[in-house]
Amino acid sequence: MAVSASALDRLHQHLHQTRLLGSISSALYYDQNTVMPAAGATWRGEQLALLASQLHGRQSSSAYAELVAAAEGELGADALPEQRRNLQLLRLELERQRCLDPALVSALARAQSRGNAVWQEARANNDFAAFAPALQELIDLRRQQASQLAAAEPVARSPWEILAQPFEPDISKARLEELFASLKAELPPLIAQVASGRAAAAATPQSSDPMDLPEALQERLCADLLDSWGYDPRHCQRSRSAHPFSCTLGPQDFRITTRVVPGQPLSAFLATAHEWGHSLYEQGLPRTDDHFFPWPLGEATSMGVHESQSLFWECRVARSRSFAERWHGRFAAGLPADPWGGAPGFWRALNPLKPGLIRVEADELSYGLHIVLRFELELALLEQGMPVDELPQQWNQRMRDLLGIQPSTDAEGCLQDIHWAEGLFGYFPSYALGHLISAQLSEAMEQDIGPIQGLIASGREDALQGWLGRHVWPLGRLVNAEELVHQVTGRPLSARPFLDYLGAKVADLGGLG
């Protein structure tokens, strides 16, 4: 008589099937944002709602709960730490899923798909009023979700904090406000310093802004960048979308998207560096050992850590002086004349250091304040009773207060990001945390393998990948983001390394954008 499979083995098989369903949902999302015709949005919403309902059922059913309990019961005193951590994470997610009404799960999936479609049209038409009802519906549904999930939280959390847990485990408003206080205090003076330097230089004749790069040249340069950083077409694919993103469809299927922005000749290139940083992290996560795939430990530590990887490659590498010196010739060779006047001018173009309205095009100085703006507005919408109709006015006022600029249209203001169109409240702070984490990890990297700029100058980006692959990527969900930073760098996460890095860059650039 055959011996029946252990509970751990049966749980492994159940999780494998769940991963398959999740990857189908991801594939449909990728298609929706790349090649799906607009008229397909309603049917796509039904498809995604069906999958969301099935996934919720698999993650909350009594049979699954019994399977997790049986696996927990099998753990002996000699169980590996990885096994215990996996089951701890599965138990937490199970309790959360069991708190959710299946009807709410389906309603959210449909509202997200509908919100995505309405947002794209509203953004194109600069019509916030058309988007407002969809946003209000998503806010209402997310509040219901937070209320239902509250019972499963291991500690008391506010509605916003509950919604932020999937993106940044264990994060709190108080911790974010502590970290963001330094950004709000020190970034505006740096921005003012740069603005003062720019004003002082205004009397000197300046060259005109660089011309738009031909789209074909931008595409070729993006492809060259990916090739030089290890892009493997057997496992990877790059497409175009309205908003750049990275998406993993399976253990050997990694997708990224980019976009060419008129009037922003370097945008596609930097977005490619950013999204490839996300993909490198996904490709480096521990997915070969039995403890890691399809178990929770094979997932990203947090979105803040995810962003630290993309921002490392975009900002520390692609925007660096050494990188500009190596790549300037490739950019200038495709043009009738060099619009930057040499590698130093090209480096400055990669680092404009001028507050802008669009987050994804923002310089490193102002980016953190873009995130503070969104964080504070999310709290106002979800927890402080701010009416949705006030969002454009509040956005403009807070943008003026934080950055000294104001959008002339909602398309370049509160309609610019896709996240709220999909109800992703709690996501934005991870972008700022990514900058802080990247800076602190970079300091540790340099202590181990030497100056990052020297390695880039010699074309040794593989050494940077190697260090991250040894110290950061393998940790998966063994730890949360702050634990990862402490383990790798030996000290708690702080805004200080990031602010020091920015101060040094401003000084290096001479205070001019």
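At least one side-chain heavy atom of N33 sits under 4.5 Å from a side-chain heavy atom of I418. Using a 4.5 Å cut-off on side-chain heavy atoms (C-beta onward), L285 and F293 make no contact. No side-chain heavy atom of T257 sits under 4.5 Å from any side-chain heavy atom of E275. L87 is listed as a side-chain neighbour of L8, based on a closest heavy-atom distance under 4.5 Å. With contacts defined as side-chain heavy-atom distances shorter than 4.5 Å, the pair H486/L493 does not qualify. Between W313 and Q465 there is a side-chain heavy-atom pair separated by less than 4.5 Å. No side-chain heavy atom of W160 sits under 4.5 Å from any side-chain heavy atom of L381. Residues P296 and L90 are in side-chain contact: their nearest non-hydrogen atoms beyond the backbone lie under 4.5 Å apart.
Formation of a donor-acceptor pair under 3.5 Å by the S106 side chain with backbone atoms of A103 is not found in this model. Judged by distance alone, with hydrogens and angles left aside, the side-chain atoms of S320 form a donor-acceptor pair with the main-chain N or O of V317 at under 3.5 Å. A side-chain donor-acceptor contact under 3.5 Å links S442 to the backbone of S438. Using modelled atom types, one side-chain atom of R142 and one backbone atom of G423 make a donor-acceptor pair closer than 3.5 Å. Formation of a donor-acceptor pair under 3.5 Å by the Y281 side chain with backbone atoms of A300 is not found in this model. Although no hydrogens or angles enter the test, the distance criterion places a donor-acceptor pair under 3.5 Å between the side chain of E161 and the main chain of K173. With hydrogens and angles ignored, the 3.5 Å screen pairs no side-chain donor or acceptor of Q145 with any backbone N or O of L163. Under the 3.5 Å distance criterion, the side-chain polar atoms of N126 are matched with a main-chain donor or acceptor of D410.
Aromatic ring orientation, F269 versus F323: tilted (interplanar angle from 30° to 60°). Ring geometry for F167 versus Y427: interplanar angle of 30 to 60°, hence tilted.
Expressed to the nearest 0.5 Å, how far CG of L391 lies from CD1 of I139 amounts to 8.0 Å. With rounding to the nearest 0.5 angstrom, the CG atom of N86 is 10.0 Å from the CD atom of Q88. Taken to the nearest 0.5 Å, the CG atom of L108 stands 12.5 Å off from the CG atom of L48. With values rounded to the nearest 0.5 angstrom, R316 atom CZ is found 11.5 Å from S308 atom OG. Between atom CD of residue E482 and atom CG of residue L436 there is a gap of 9.5 Å, rounded to the nearest 0.5 Å. Remark: S172 OG to Q165 CD distance equals 9.0 Å, nearest 0.5 Å.
For D140, the side-chain hydrogen bond (donor to acceptor under 3.5 Å, both in side chains) partners are Q136, not counting sequence neighbours. Every residue two or more places apart in sequence or in another chain that forms a salt bridge (charged side-chain N to carboxylate O under 4.0 Å, His left out) with R44 is listed here: D31. The salt bridge (charged side-chain N to carboxylate O under 4.0 Å, His left out) test applied to R157 returns E153, D170, not counting sequence neighbours. Every residue meeting the ring pair (Phe, Tyr, Trp, His ring centres under 6.0 Å) condition with F498, not counting sequence neighbours, appears here in chain and number order: H435. Listed by chain and number, the residues in a side-chain hydrogen bond (donor to acceptor under 3.5 Å, both in side chains) with Q17 amount to none (sequence neighbours excluded). The salt bridge (charged side-chain N to carboxylate O under 4.0 Å, His left out) check on E314 picks up R319, with sequence neighbours excluded. In this structure, the salt bridge (charged side-chain N to carboxylate O under 4.0 Å, His left out) partners of D417, at least two apart in sequence or on a different chain, are R359, R374. Shown here are the ring pair (Phe, Tyr, Trp, His ring centres under 6.0 Å) partners of F292, two or more places apart in sequence or in another chain: there are none.
In plain terms, the two heavy atoms of I256 and S246 that are nearest each other are CG2-OG, 4.0 Å. Here the closest non-hydrogen pair linking S113 and A41 is OG-O, 3.4 Å. Closest heavy-atom contact between F428 and I371: O-CG2, 3.2 Å. Pairing each heavy atom of S53 with each of V105, the nearest pair is N-CG1, 4.4 Å. Residues L141 and A111 share a closest heavy-atom pair of CD1-CB, 3.6 Å. Residues T272 and C222 come closest through the heavy atom pair OG1-SG, 3.2 Å.
Sorted by first then second residue, the salt bridge (charged side-chain N to carboxylate O under 4.0 Å, His left out) pairs that include residues 243-268, not counting sequence neighbours, are D253-R255, R259-E361. The salt bridge (charged side-chain N to carboxylate O under 4.0 Å, His left out) analysis of residues 11-30, with sequence neighbours excluded, yields the pairs R19-E299. Residues in residues 100-123 take part in these salt bridge (charged side-chain N to carboxylate O under 4.0 Å, His left out) pairs, two or more places apart or across chains: R114-E137. Contacts classified as salt bridge (charged side-chain N to carboxylate O under 4.0 Å, His left out) and involving residues 235-252 (residues at least two apart or in different chains) are given here: E215-R240, E219-R238, E219-R240.
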Can you list the steps and then say if S430 with E168 is a side chain to side chain donor-acceptor pair (under 3.5 Å)? CA-CA 7 Å; S430 295; E168 213 60 45; 2.7 Å; yes
Going through the distances and angles, do Q120 and N116 end up as a side chain to side chain donor-acceptor pair (under 3.5 Å)? CA-CA 6 Å; Q120 294 199 39; N116 185 314; 2.8 Å; yes
For the pair W473 and Q309, evaluate side chain to side chain donor-acceptor pair (under 3.5 Å) and give the outcome as yes or no after the intermediate values. CA-CA 9 Å; W473 301 343; Q309 302 308 287; 2.9 Å; yes
Take H306 and E282, measure what side chain to side chain donor-acceptor pair (under 3.5 Å) needs, and give me the verdict at the end. CA-CA 8 Å; H306 229 308; E282 287 286 319; 2.6 Å; yes
CA sep, side-chain torsions, deciding dist, call: L51, Q54, side-chain contact (heavy atoms from CB on, under 4.5 Å): CA-CA 5 Å; L51 285 169; Q54 291 181 347; 4.1 Å; yes
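No side-chain donor-acceptor contact under 3.5 Å links Y64 and Q97.
For W420 and F131, the gap between ring centers reaches or exceeds 6.0 Å. In this structure, Y431 has its ring center closer than 6.0 angstrom to the ring center of H419.
Taking a cutoff of 4.0 Å between a charged side-chain nitrogen and a carboxylate oxygen, E461 and R326 qualify as a salt bridge.
Here the rule is side-chain contact (heavy atoms from CB on, under 4.5 Å) with H370, and of L357, V360, I358, L403 only L403 fits it.
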